[in-house]
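To start, the structure itself, in structure tokens.
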Number of protein chains: 2
Amino acid sequence: MLGNDGEALPTAAKEIPPELQGLRMTKQRREVYSVLLHNRDHPTANEVFGRVQADMPSISLATVYNCLDALVDHGLINRVNFDREPSRFCVNLTPHVHFQDKKSGVIHDLSFKDGCQITDVLDLPNGTEVSELELTIRGFLPKGS
Amino acid sequence: MLGNDGEALPTAAKEIPPELQGLRMTKQRREVYSVLLHNRDHPTANEVFGRVQADMPSISLATVYNCLDALVDHGLINRVNFDREPSRFCVNLTPHVHFQDKKSGVIHDLSFKDGCQITDVLDLPNGTEVSELELTIRGFLPKGS
DNA sequence: AGACATAATTAGAACTATTCTAATTATGTT
DNA sequence: AACATAATTAGAATAGTTCTAATTATGTCT
Ligand SMILES: [Mn+2]
Ligand SMILES: [Mn+2]
Ligand SMILES: [Zn+2]
Ligand SMILES: [Zn+2]
């Protein structure tokens, strides 16, 4: 997935986004990222810690936090906040929002309708530059979803 | 367009709106609510504490938290979360979202375009029941807004 | 390769927003 | 007034996260 040949970044990628330059892909960071890729259920830092420990028992929680922060800062993952609950982490880099089903607790990635943006529906002054946007929803999915 | 200092809400805590049913309006709760009504800049609990202390020096921070929680639970105010920052509080009960201008730090209430809902733009399964929704945006307003 | 500089990892302490505890005080009701 | 219940209070506790400082790993330059 990501290069381990001493390069800071995946060598498979033709063009490297500027944010990713300078991310040293250590084995801890690779393992954290791999855990997130393998089970995309939006785990908390503590849940990531537990999963990483299976393969890497010596890793520390501080390192998990550090790795998650590095991956967020370099744009490889997103941090997801529901109210004041512990942050969760998401590898889906496409524009999407988060929906938690109140029955199962499962967090679903939700896309926009074709060709729609969230700003289509908002009364923003013309020329506003949106740099960060977070939308979280809770509710009940219809039976049999 | 940006409704940070609008007049859509009750201006006096003396008149008891239906939302207050079952809420004992103690002088601490009235003062906290009054502070929020008077300056609608989405203060944190600690900022509310500081403002209330001017008129009520003996109030405790725990009471401010208790009052804010009671007001939220009774639907008189909303709790607003930006990322992992301290919660802020908002007396605007109309459907709106929050936009923080990264230049000034000011948080603006943002309405939906006429007849629009946020769910109009989302790819939700038919029959989904949305019970909680929070949208926060950061960015830059155009010059002269 | 070895020497060096820099960056990441680690354990544990510290931080901070918030909640809890338990005592006191206020309020509403008979 | 007496009583029951609820709110307020100070301070302790909690929990997620960040910081500190020591150690270890990595990359670069001879
Ligand atoms: Mn960061
Ligand atoms: Mn509550
Ligand atoms: Zn996601
Ligand atoms: Zn608001």
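So that the names make sense, note that chain A is the first sequence line, chain B the second, and so on, each numbered from 1. Just so it is clear, the values below take in all heavy atoms, side chains as well, and ignore hydrogens, waters and symmetry mates. What you see is a predicted model, and the numbers here were worked out from it, not measured in a lab.
Atom CZ of A/Phe49 and atom C1' of D/dG16 are 14 Å apart (whole Å). Following rounding to the nearest Å, A/Asp83 (CG) and D/dA15 (P) show an atom-to-atom distance of 18 Å. The distance between atom CD of B/Glu85 and atom P of D/dT18, rounded to the nearest whole Å, is 12 Å. Rounded to whole Å, the distance from CZ on A/Arg84 to C1' on D/dT14 is 14 Å. Atom CZ in B/Phe82 sits about 17 Å away from atom P in C/dA17, given to the nearest Å. Atom pair A/Arg88:CZ and D/dG16:C1' shows a separation of 13 Å (rounding to whole Å applied). Here C/dA8 presents its P atom at 18 Å from CD of A/Glu31, a figure rounded to the nearest Å. Between the CG atom of B/Asn81 and the C1' atom of C/dA17 there is a distance of 11 Å, given to the nearest Å.
When distances are taken from the side chain of A/Tyr65 to each of C/dA8, D/dA6, D/dT17, the shortest belongs to D/dT17.
For the OP1/OP2 pair of C/dG28 and a distance below 4.0 Å, the side-chain nitrogens and oxygens of B/Arg24 include no atom meeting the criterion.
Between B/Phe82 and B/Ile137 the shortest heavy-atom distance is CE2-O, 3.6 Å. Between B/Phe140 and B/Phe99 the shortest heavy-atom distance is N-CZ, 3.9 Å.
When heavy atoms are screened at a 4.0 angstrom cut-off, A/Ser87 is found touching the sugar-phosphate backbone but no base atom.
Taken to the nearest 0.5 Å, the CZ atom of B/Arg138 stands 5.0 Å off from the CD atom of A/Glu132.
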Enumerate all atom pairs, one protein N or O and one N or O from nucleotides 9-13 of chain C, separated by less than 3.5 Å.
from, atom 1, to, atom 2, distance (Å)
C/dT9, OP1, A/Thr26, OG1, 2.5
C/dT9, OP1, A/Gln28, OE1, 3.2
C/dT9, O3', A/Gln28, NE2, 3.2
C/dT10, OP1, A/Ser58, O, 3.3
C/dT10, OP2, A/Ser60, N, 3.2
C/dT10, OP2, A/Thr63, OG1, 2.5

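With sequence neighbours excluded, no residue satisfies salt bridge (Lys or Arg N to Asp or Glu O under 4.0 Å) with B/Asp55. Checked against side chain to side chain contact (heavy atoms under 4.5 Å, CB included), B/Pro86 has the following partners two or more places apart in sequence or in another chain: B/Thr44. For B/His96, the ring-ring contact (aromatic ring centres under 6.0 Å, His included) partners two or more places apart in sequence, or in a different chain, are B/His98.
A donor-acceptor pair under 3.5 Å is formed between the side chain of B/Arg40 and the backbone N or O of B/Leu37.
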> Run the side-chain contact (heavy atoms from CB on, under 4.5 Å) check on B/Asn78 and B/Asn92 step by step: do they pass?
Replying inline: CA-CA 8 Å; B/Asn78 291 119; B/Asn92 182 350; 6.0 Å; no
Show me the donor-acceptor pairs within less than 3.5 Å that the side chains of residues 57-67 of chain A make with the rest of the protein, sequence neighbours left out.
from, atom 1, to, atom 2, distance (Å)
A/Ser60, OG, A/Thr63, N, 3.1
A/Ser60, OG, A/Thr63, OG1, 3.0
A/Asn66, ND2, A/Ala62, O, 3.4

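Fit an axis to the five pairs at each end of the helix from C/dA1-D/dT30 to C/dT30-D/dA1 and the two axes sit 30° apart, to the nearest 10 degrees.
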